[in-house]
Amino acid sequence: MKEKGLLIVLSGPSGVGKGTVRKEIFSQPDTSFEYSISMTTRAPRDGEVNGVDYFFKSREEFEALIEQEKLLEYAEFVGNYYGTPVDYVKETLEKGKDVFLEIEVQGARQVRKKFPDGLFIFLVPPSLSELKNRIVTRGTETEDVINNRMSVAKEEIEMMNLYDYVVENDQIDLACERIKAIVVAEHCRRERVEPRYIKMLEVE
Ligand SMILES: Nc1ncnc2c1ncn2[C@@H]1O[C@H](COP(=O)(O)OP(=O)(O)OP(=O)(O)O)[C@@H](O)[C@H]1O
Ligand SMILES: Nc1nc2c(ncn2[C@@H]2O[C@H](COP(=O)(O)O)[C@@H](O)[C@H]2O)c(=O)[nH]1
């Protein structure tokens, strides 16, 4: 029988760089994970495409998905719903492929209960001031939303001990290498094979 894939969950406070790091990992030719596109009621940002960045839904549509148990997890985050489509995740894992979720902390806690064998990684910024700088520089949120996201960020960072690994996103390429190395090491551990040579970048 084919081995099921590994469920990889990446969380971290808003603006830490989850999306940037995830896109960089997925742009690399050696990446074999499948990204699960989330559902959200948030309005699309400039350049975001339905079915690529998110499946954009109305609140009524989202609540119907909750009712029909179509979501593996969902959460309300700073005024909007976000959730993971359950069928896609289960079918992809069944095919033996690793699935990568990029979700916030409440959702990750729900996934942990359903998939205790998942791999849970928390991305942290070098400092809170750098976190704020990143979210402000991104320029996609109003000042009010930034302040709300920053206060949630402080609570989320306190929950990092619920994760298997904490990775600092000081530099995008280093954060990507760390995450990829963790996934390779976890596969080796779970499949009880000799670790393959992991090419890490020099860390000064
Ligand atoms: N290592 C880094 N150094 C400097 N800037 C970074 C780094 N990683 C990401 N950024 C920048 O920080 C901003 C926020 O990144 P990104 O949108 O990926 O964060 P996020 O964690 O996905 O946020 P959200 O949870 O709000 O969607 C972006 O402008 C991105 O270019
Ligand atoms: N619980 C879930 N959280 C999700 C999901 N998809 C994204 N997210 C997280 O929401 C916040 C805000 O995202 P943004 O795109 O509005 O900046 C961020 O932490 C995302 O990681 C999901 O399916 N479930």
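Residues: numbered from 1 along the sequence shown. When a ligand or atom number is given, it counts from 1 through the structure's own listing order.
The closest approach between a heavy atom of Gly15 and any atom of ligand 1 is below 4.0 Å. At least one heavy atom of Asp170 sits closer than 4.0 Å to an atom of ligand 1. For the pair Asn169 and ligand 1, a heavy-atom separation below 4.0 Å is found. Ligand 1 lies within reach of Glu102, whose nearest heavy atom is under 4.0 Å from it.
Between Glu102 and Lys18 there is no salt bridge, since none of the side-chain N atoms of the basic residue sits less than 4.0 Å from a carboxylate O of the acidic one.
Applying the side chain to side chain donor-acceptor pair (under 3.5 Å) definition to pairs two or more places apart or across chains, those involving residues 123-132 are Ser127-Ser129, Glu130-Asn133, Glu130-Arg134. Screening residues 130-151 for ring-ring contact (aromatic ring centres under 6.0 Å, His included) gives no qualifying pairs among residues at least two apart or on separate chains.
Of the residues Tyr54, Phe55, Tyr82, the one that meets the side chain to side chain contact (heavy atoms under 4.5 Å, CB included) test with Met39 is Phe55.
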Hey, can you pull the donor-acceptor pairs under 3.5 Å for the side chains in residues 61-75, sequence neighbours left out?
from, atom 1, to, atom 2, distance (Å)
Glu61, OE1, Ser58, N, 2.8
Glu61, OE1, Ser58, OG, 3.4
Glu63, OE2, Tyr81, OH, 3.0
Glu73, OE2, Thr84, N, 3.3
Glu73, OE2, Thr84, OG1, 2.5

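Counting heavy atoms closer than 4.0 Å to ligand 1, residue Arg149 contributes side-chain atoms (C-beta onward) but none from N, CA, C or O.
Scanning the protein heavy atoms around atom 4 (C) of ligand 1, the nearest turns out to be Arg134 NE, 3.6 Å.
Of the N or O atoms in Arg45, none lie within a sub-3.5 Å distance of an N or O in ligand 1.
Closer than 4.0 angstrom to ligand 2 lie heavy atoms from Lys18, Ser38, Arg42, Arg45, Tyr54, Glu73, Ala75, Phe77, Tyr82, Gly83, Thr84, Glu102, Ile103, Glu104, Gly107, Arg149.
Of all the listed residues (Ala153, Ser14, Pro13), Ser14 holds the heavy atom that lies closest to atom 26 (O) of ligand 1.
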